[in-house]
Amino acid sequence: MISIRGLIKRFGSHEVLRKVNLEVRQGEAVVIIGPSGSGKSTLLRCVIGLETPDAGEVYVEGRPFIRRVDGQRGPLRRTREFRDVQRLMGMVFQQFTMFPHLTVLQNVTLAPVRVLGLGQEEAAARARKLLAKVGLEDKIFAYPEKLSGGQKQRASIARALALEPKIMLFDEVTSALDPELIHEVLSVMRQLAADGMTMMVVTHEMGFANKVADRVVFMDGGTIIEEGKPSDVFSSPKEVRTKAFIDKVLTHI
Amino acid sequence: MPYEWAWRIVPRALPVLVRGLQLTLSITLVVIILGFLLGILVAAARLARNPLISKPVALYIEFFRGTPALVQLVWIYYCLPIILGIELPGFASIIIALTLNVGAFYGEAIRAGIQAVPRDQVEAADILGLSYPDKMRFVVLPQAFRVIIPVALSLSVSLFKDTSLVSTIGVADLMYQARVLSTETYRPMEILTVAALIYFVIAFPCTVATRMLELRLASVRH
């Protein structure tokens with residue numbers, strides 16, 4: 001489904017991603033964990049083309065999306081083909097990115113109408129169905145400022161799903177939320193995974209990783225240190241750094 | 001001996017002043033429209049990645065912001081025809097001068113408004129697959145205009161007052177008529193007071209409306 005090969009990203013002289021390789025299979029939920037600054041978010045941002053990697057390749061459903069050789073200059077070019085492949089991926093961010101001047105419904109129908117060429121009616125019907133799925137059927141005419149953080153994130157998920165992506169990327173989507181709102185967002189994500197959506201999830205919610213992930217990837221210092229089934233990674237990590245991280249996050253409770 | 005006000009001349013002066021006001025308003029309106037269109041181009045050029053486009057435009061902006069409008073006006077009125085080797089009617093040269101002046105200010109306001117749109121809004125639009133024109137039209141500009149409109153309105157009020165500069169080169173606007181009447185009647189105090197009131201009666205409601213709009217737009221947050 002997604003194939004990441006030799007991804008390198010530098011910010012100035014600091015190498016944030018050091019030749020990352022990762023395959024995500026159809027229907028798989030991959031949860032990426034690791035300390036702050038380990039490159040998890042940068043990895044997602046490179047995969048979807050928001051950051052320009054310094055080198056490496058990304059393939060989506062076998063279609064080449066990003067191919068950079070080291071030393072190549074300039075930002076990614078947003079060609080038609082680039083946008084077509086980019087659209088196969090949906091993404092939800094840590095920050096709230098609902099468009100504040102549009103209602104929830106308009107937020108969700110904008111791209112289907114403008115990008116997929118759906119009629120207003122059809123797009124609205126699709127949006128209503130998705131908003132019902134994330135539990136926001138009574139908020140469709142509300143503006144984002146009237147929503148709680150959890151509702152905004154659920155609406156953002158519906159907005160991304162409206163383009164019928166093949167894979168969803170979640171970048172610490174619960175990190176900006178009040179603790180009591182985290183659950184409602186995670187349960188939507190768990191439902192998505194159960195429906196067979198291919199997912200890459202960066203999160204600090206270890207309970208979610210443990211329960212929902214098909215595979216857990218531990219990153220540190222810009223590389224993948226260890227990956228495996230959640231039960232293996234959490235209970236018997238092979239690498240010292242993985243063990244240190246997991247001990248730290250699990251014992252702070 | 002205390003000054004004796006002679007307000008009785010006002011009824012006679014008023015029609016002349018109002019004729020001047022009509023020209024003042026026409027100049028203001030034309031320059032607002034042309035200046036805003038120029039401002040859009042200026043902002044687009046300022047935001048261009050190509051430094052061959054953005055640098056010269058930055059220089060233009062700094063030049064027109066950093067020199068007095070009166071100097072610009074006089075220079076374009078007297079020097080531009082010589083340099084271009086053509087006759088420019090007085091009206092055309094003041095329109096050009098004022099448009100170039102406010103275009104620089106509008107341009108900066110528009111650029112600032114566009115850059116005030118949070119980066120993650122732009123990124124969200126990008127990954128939804130919106131094309132560049134759609135991204136600007138549906139996501140960036142509606143949010144930018146919240147910032148741009150109050151600034152553009154207050155620039156426009158300033159422009160309305162600054163058009164009085166054109167009286168120095170013989171364009172018969174409100175200020176020009178006031179000065180002519182002053183010399184004709186030997187009553188500059190009365191005439192100029194009335195002229196000031198006319199400017200104020202128009203500018204003040206606009207300023208108040210701008211401030212109210214600004215407060216309303218600021219209260220809409222996400």
* Selection from A:Gln86, A:Arg114, A:Lys146, A:Arg83 maximising heavy-atom pairs under 4.5 Å formed with chain B ->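 Maximum pair count with chain B is reached by A:Arg114.
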* **Top contributor to chain B interface from A:Met89, A:Arg87, A:Arg159 [non-hydrogen pairs under 4.5 Å]** =>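 When all of A:Met89, A:Arg87, A:Arg159 are compared, A:Arg159 has the most.
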Flag for [Y]-[X]: side-chain donor and acceptor within less than 3.5 Å:
X: B:Ser156; Y: B:Tyr106; answer: yes
X: A:Ser3; Y: A:Glu23; answer: yes
X: B:Asp120; Y: A:Thr97; answer: no

* **Part of B:Asp134 within contact of chain A (heavy atom distance under 4.5 Å)** =>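 The answer is the side chain of B:Asp134.
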What residues, two or more places apart in sequence or in another chain, satisfy ring-ring contact (aromatic ring centres under 6.0 Å, His included) together with [X]?
X: B:Phe204; answer: B:Phe200
X: B:Phe64; answer: B:Tyr60
X: A:Phe208; answer: none

* Report, by ascending residue number, the residues of residues 43-72 of chain A in heavy-atom contact with chain B at a distance under 4.5 Å; give 'none' if the set is empty. =>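 So far as heavy atoms go, A:Arg45, A:Ile48, A:Leu50, A:Glu51 are the residues that approach chain B to under 4.5 Å.
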* For A:Met168 and A:Val92, what are the C-alpha separation, side-chain angles and deciding distance, and is it a side-chain contact (heavy atoms from CB on, under 4.5 Å)? -> CA-CA 8 Å; A:Met168 284 289 291; A:Val92 183; 4.0 Å; yes
